Amino acid sequence: MIICICGKSGSGKSTIAKKIQEERPNSIHIDIDKIGHMSHSVKIVKQKLVDTFGETILTNNNIDRKKLGQIVFSSKDEMRKLEIITWSYMEQEIDKIIENNTDKIIILDYLLLPRTKYFTNCDLRILVDIPYEIRKERVMKRDNISEERFNLRESSSIDYDKTSFDIILTNEDIKRKVLKYE
């Protein structure tokens with residue numbers, strides 16, 4: 001079984017994934033953002049990023065995610081360039097994890113899942129739909145960023161077609177610990 005969890009930054013995707021894992025020990029949580037971050041150290045990906053965004057994204061010859069973020073979060077076009085560069089590597093890694101864990105429940109956690117083949121092929125689609133103010137507060141605290149930086153991230157986010165999801169969790173659902181996925 002493959003479960004897709006989507007939601008904007010700070011919505012609680014990872015929290016929901018952890019709750020499922022607690023209830024279903026035979027599950028594996030794939031935080032696709034983390035795979036994306038790992039891709040920045042892959043030689044060919046790193047070089048494409050530098051070729052595309054310039055050497056200003058480097059600190060000590062490594063991709064500086066904050067510097068890269070300032071570029072990609074300010075423009076959907078720049079974000080799309082980043083996605084194109086990193087996605088091939090990310091997809092290979094996700095495929096490997098899925099192939100090596102066919103006996104487990106796979107939980108995919110990613111803001112952009114609806115743009116991927118995984119969204120179409122998953123067995124259960126969950127949207128975590130939390131109000132902007134709550135998400136803003138969470139992200140500013142978690143990532144130690146300003147409201148301006150949060151709004152920059154938010155501007156590069158996507159809007160979800162709620163009719164594409166099997167379950168939509170709201171803040172009230174999460175407070176009441178309502179999660180049914182069978």
Side-chain angles (χ1 to χ4, degrees), residues 1-53 57-69 71-73 76-128 139 142-143 153 156-158 160-161 164-167 169 179-182:
M1 172 181 234
I2 298 178
I3 300 172
C4 290
I5 303 177
C6 302
K8 294 187 177 191
S9 186
S11 63
K13 298 179 295 295
S14 295
T15 300
I16 299 302
K18 286 175 187 164
K19 286 181 181 187
I20 295 171
Q21 281 191 292
E22 288 170 6
E23 292 180 19
R24 302 294 176 133
N26 190 34
S27 62
I28 182 169
H29 173 208
I30 303 173
D31 183 335
I32 297 175
D33 273 335
K34 288 183 180 173
I35 294 172
H37 300 159
M38 288 177 2
S39 75
H40 299 171
S41 62
V42 174
K43 188 176 182 179
I44 191 165
V45 174
K46 178 181 170 184
Q47 188 58 55
K48 286 180 182 179
L49 290 171
V50 171
D51 290 346
T52 302
F53 300 108
I57 64 169
L58 295 175
T59 299
N60 298 325
N61 203 34
N62 293 312
I63 301 296
D64 185 319
R65 288 185 34 232
K66 287 189 179 193
K67 290 178 181 178
L68 180 59
I71 296 168
V72 300
F73 290 130
K76 287 189 180 199
D77 289 336
E78 297 300 311
M79 178 61 81
R80 194 72 186 135
K81 288 177 189 175
L82 173 65
E83 292 169 22
I84 290 167
I85 293 168
T86 58
W87 184 248
S88 178
Y89 169 82
M90 293 167 65
E91 193 172 49
Q92 289 173 25
E93 292 301 307
I94 297 163
D95 287 346
K96 277 189 229 173
I97 295 168
I98 291 172
E99 288 168 16
N100 292 330
N101 291 282
T102 56
D103 59 331
K104 295 188 168 107
I105 297 170
I106 304 292
I107 306 163
L108 300 175
D109 159 1
Y110 190 43
L111 176 124
L112 301 175
L113 271 170
R115 293 185 181 168
T116 72
K117 68 181 183 183
Y118 305 105
F119 190 75
T120 306
N121 297 328
C122 74
D123 300 297
L124 182 66
R125 294 169 199 84
I126 300 172
L127 174 63
V128 189
V139 173
R142 178 191 73 198
D143 297 347
R153 283 187 194 180
S156 67
S157 190
I158 66 171
Y160 297 103
D161 173 5
S164 299
F165 292 87
D166 303 303
I167 298 173
L169 295 174
L179 178 60
K180 295 179 184 169
Y181 53 89
E182 295 184 80

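Side chains are part of it too, since the values below use all heavy atoms of this structure and drop only hydrogens, waters and symmetry mates. Here, residue 1 is the first one in the sequence, and each next residue gets the next number. On a predicted model such as this, the values are computed, not experimentally measured, just so you know.
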Output, in order, the C-alpha distance, side-chain angles, deciding distance and verdict of side-chain contact (heavy atoms from CB on, under 4.5 Å) for Arg115 and Arg80. CA-CA 11 Å; Arg115 293 185 181 168; Arg80 194 72 186 135; 3.8 Å; yes
- prompt: Between Arg24 and Ile107, is a side-chain contact (heavy atoms from CB on, under 4.5 Å) present by the stated rule, with each step listed?
  reply: CA-CA 11 Å; Arg24 302 294 176 133; Ile107 306 163; over 6 Å; no
Check your understanding: Could you go step by step and tell me if Thr116 and Leu113 meet the side-chain contact (heavy atoms from CB on, under 4.5 Å) rule?
Key -> CA-CA 5 Å; Thr116 72; Leu113 271 170; 3.6 Å; yes
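For the residue pair Lys66 and Asp64, the shortest heavy atom distance occurs at N-OD1, 3.0 Å. Heavy-atom minimum distance, Ser14 versus His29: OG-CE1, 3.9 Å. Of all heavy-atom pairs between His40 and Ile63, the closest is O-CG1, 3.6 Å. Between Leu127 and Tyr160, the shortest heavy-atom contact is CD1-CD1, 3.6 Å. When all heavy atoms of Ser157 and Leu111 are compared, the closest pair comes out as OG-CD1, 3.7 Å. Of all the heavy atoms in Pro114 and Phe119, the pair that sits closest is CA-CG, 3.6 Å.
Aromatic ring pairs are classed by plane angle as parallel below 30°, tilted from 30° to 60° and perpendicular above 60°; the pair Tyr110 and Trp87 is parallel.
Ile2 places none of its side-chain heavy atoms less than 4.5 Å from the side chain of Asn121. In this structure, the side chains of Leu58 and Lys46 come closer than 4.5 Å at one or more pairs of heavy atoms. Two residues are said to be in side-chain contact when any heavy atoms from C-beta on lie closer than 4.5 Å; Arg142 and Ser9 meet this criterion.
Between the side chain of Tyr118 and the backbone N or O of Glu91, at least one donor-acceptor pair lies under 3.5 Å. The backbone N or O of Asp109 sits nowhere less than 3.5 Å from a side-chain atom of Lys13 that would complete a donor-acceptor pair. Under the 3.5 Å distance criterion, the side-chain polar atoms of Asn26 are matched with a main-chain donor or acceptor of Asp103.
Residue Arg65 places its CZ atom among 12 or fewer non-hydrogen atoms of other residues, nucleotides or ligands, all under 6.0 Å distant. With a 6.0 Å radius and a threshold of 12 heavy atoms from other residues, nucleotides or ligands, Lys48 has its NZ atom at or below the threshold. Around CD1 of Ile44, the count of heavy atoms belonging to other residues, nucleotides or ligands within 6.0 Å does not exceed 12. At most 12 heavy atoms of other shown residues, nucleotides or ligands fall within 6.0 angstrom of atom NZ in Lys18.
Ionic pairing of Glu99 and Lys96 is not present here: no N-O contact between side-chain nitrogen and carboxylate oxygen is shorter than 4.0 angstrom. A salt bridge links Glu78 with Lys81: the closest approach of a Lys/Arg side-chain nitrogen to an acidic carboxylate oxygen falls below 4.0 angstrom. Lys117 and Asp95 are joined by a salt bridge, as a carboxylate oxygen and a charged side-chain nitrogen come within less than 4.0 angstrom of each other.
Expressed to the nearest 0.5 Å, how far OG1 of Thr15 lies from CG of Leu169 amounts to 11.5 Å. Rounded to the nearest 0.5 Å, atoms CD1 (Ile20) and CD1 (Ile105) are 8.0 Å apart. The CD1 atom of Ile98 sits 5.0 Å away from atom CG of Leu108, with the distance rounded to the nearest 0.5 Å. Taken from CG in Leu112 to CE in Met79, the straight-line distance is 7.5 Å, to the nearest 0.5 Å. Between Leu124 atom CG and Ile3 atom CD1 the span is 5.5 Å, to the nearest 0.5 Å. How far OG of Ser27 is from CD of Glu22: 9.5 Å, rounded to the nearest 0.5 Å.
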